[in-house]
Visitor: 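Attaching a single structure in structure tokens format; questions to follow.
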Amino acid sequence: MPSRPMIARNIPALRRALDGLRARKASVALVPTMGALHDGHVSLVRLAKRRARKVVVSLFVNPTQFAPTEDFGSYPRTWKADLARLTAEGVDLIWNPDVRVMYPDGFASRIITDGPATVGLEDRFRPHFFGGVATVVGKLFTQCRPDMAIFGEKDFQQLRVVSQMAADLDLGVKVIGSKTVRERDGLAMSSRNVYLSAEERRAAPVLFKAMKETAQRLRAGEEVQAPQASAVETITAAGFAVDYFETRHAETLQPVMSIKDGPLRILVAAKIGTTRLIDNIAV
Ligand code: PAF
């Protein structure tokens, strides 16, 4: 049976645990999470284990990336199940700070993001989001000083924003993207899938289906407009309100006309009932 990971809840305990892990110069990978772990997170941990000798997973529901109207209060918190999963995966250390440890009284700084964070995708609908993500990830990187950090491709714009920030601020952390894990019917795994009613859950794979159809048409040489419009129609007919369905350059996330402007990424965000889902695929 794998032994339980060390758990640190304040900075001195984290430093002590990391000093121990780093003995004999072992490489360290960080997997930042907000808990409510599913098989997608497990695949990040497994990639981290393949790439580094020691694996640290942070569990912290970060209030600064939620708007007051969003689900910070109700975001699923499943500590016992998360601990069991991370123990089974042989994780070395869990960094689980309290909000007051991460943001002590008087905390007054924030990382301002540009470039991939201001391309009119998630930033258009969640203007607070990337400032909050960059600030907490910047803190996680300086607190844990990992050699590398693993992020899911499911939050593709987030992956681009964090990679840009790590490079711009010379944080010395290699940011690695990990492939999206899907349910059998194509729905991308997400901690927010638990919010879906049975009927919404049945409708949800339409996002992946519409992206795949669009990718096929783009590969056949069509320009982006018509396939995107059909995809929005299909997704809307399935009961979603679409925030965006866009084909973008996979590196810069800037708008494109056709496959000739590649490499391309199709990105979607849409709401069904009260649940907002995002997903993306490569073309
Ligand atoms: O993707 C997430 O779970 C969060 O945005 C992250 C990267 C852990 C920052 O809070």
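When a ligand or atom number is given, it counts from 1 through the structure's own listing order.
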Visitor: Salt bridge (charged side-chain N to carboxylate O under 4.0 Å, His left out) with Glu153: which of Arg182, Arg265, Arg160?
Guide: Arg265

Visitor: Please answer whether the main-chain N or O of Ile266 pairs with a side-chain N or O of Thr247 as donor and acceptor at a distance below 3.5 Å.
Guide: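 No, Thr247 side chain to Ile266 backbone: no donor-acceptor pair under 3.5 Å.
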
Visitor: Report the relative orientation of the aromatic rings in Tyr103 and Phe60; use parallel for angles under 30°, tilted for 30 to 60°, perpendicular for over 60°.
Guide: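 The rings of Tyr103 and Phe60 sit tilted, inter-plane angle from 30° to 60°.
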
Visitor: Show which atoms of ligand 1 fall inside a sub-4.0 Å distance from at least one heavy-atom site of Gln158.
Guide: 1 (O), 2 (C), 4 (C), 5 (O), 7 (C)

Visitor: Can you name the atoms of ligand 1, numbered from 1 with element, that are less than 4.0 Å from a heavy atom of Val136?
Guide: 9 (C), 10 (O)

Visitor: Quick one: look at Thr33 and ligand 1, take heavy-atom pairs under 4.0 Å, and tell me if it's side chain, backbone, both or neither.
Guide: backbone

Visitor: Is Arg9 positioned over the aromatic face of Trp79, cation under 6.0 angstrom from the ring centre and no more than 45 degrees off axis?
Guide: yes

Visitor: Please identify which atoms of ligand 1 are closer than 4.0 Å to at least one heavy atom of Phe151.
Guide: 7 (C)

Visitor: Write out the residue and atom name of the closest protein heavy atom to atom 4 (C) of ligand 1, then the distance separating them to 0.1 Å.
Guide: Gln65 NE2, 3.6 Å

Visitor: May I have the list of side-chain donor-acceptor pairs in residues 168-181 shorter than 3.5 Å, sequence neighbours left out?
Guide:
{"from": "Asp168", "atom 1": "OD1", "to": "Gln164", "atom 2": "NE2", "distance (Å)": "3.1"}
{"from": "Asp168", "atom 1": "OD2", "to": "Gln164", "atom 2": "NE2", "distance (Å)": "3.3"}
{"from": "Thr180", "atom 1": "OG1", "to": "Lys154", "atom 2": "N", "distance (Å)": "3.3"}

Visitor: For atom 3 (O) of ligand 1, what's the nearest protein heavy atom and its distance?
Guide: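 For atom 3 (O) of ligand 1, the nearest protein heavy atom comes out as Met34 CG, 3.6 Å.
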
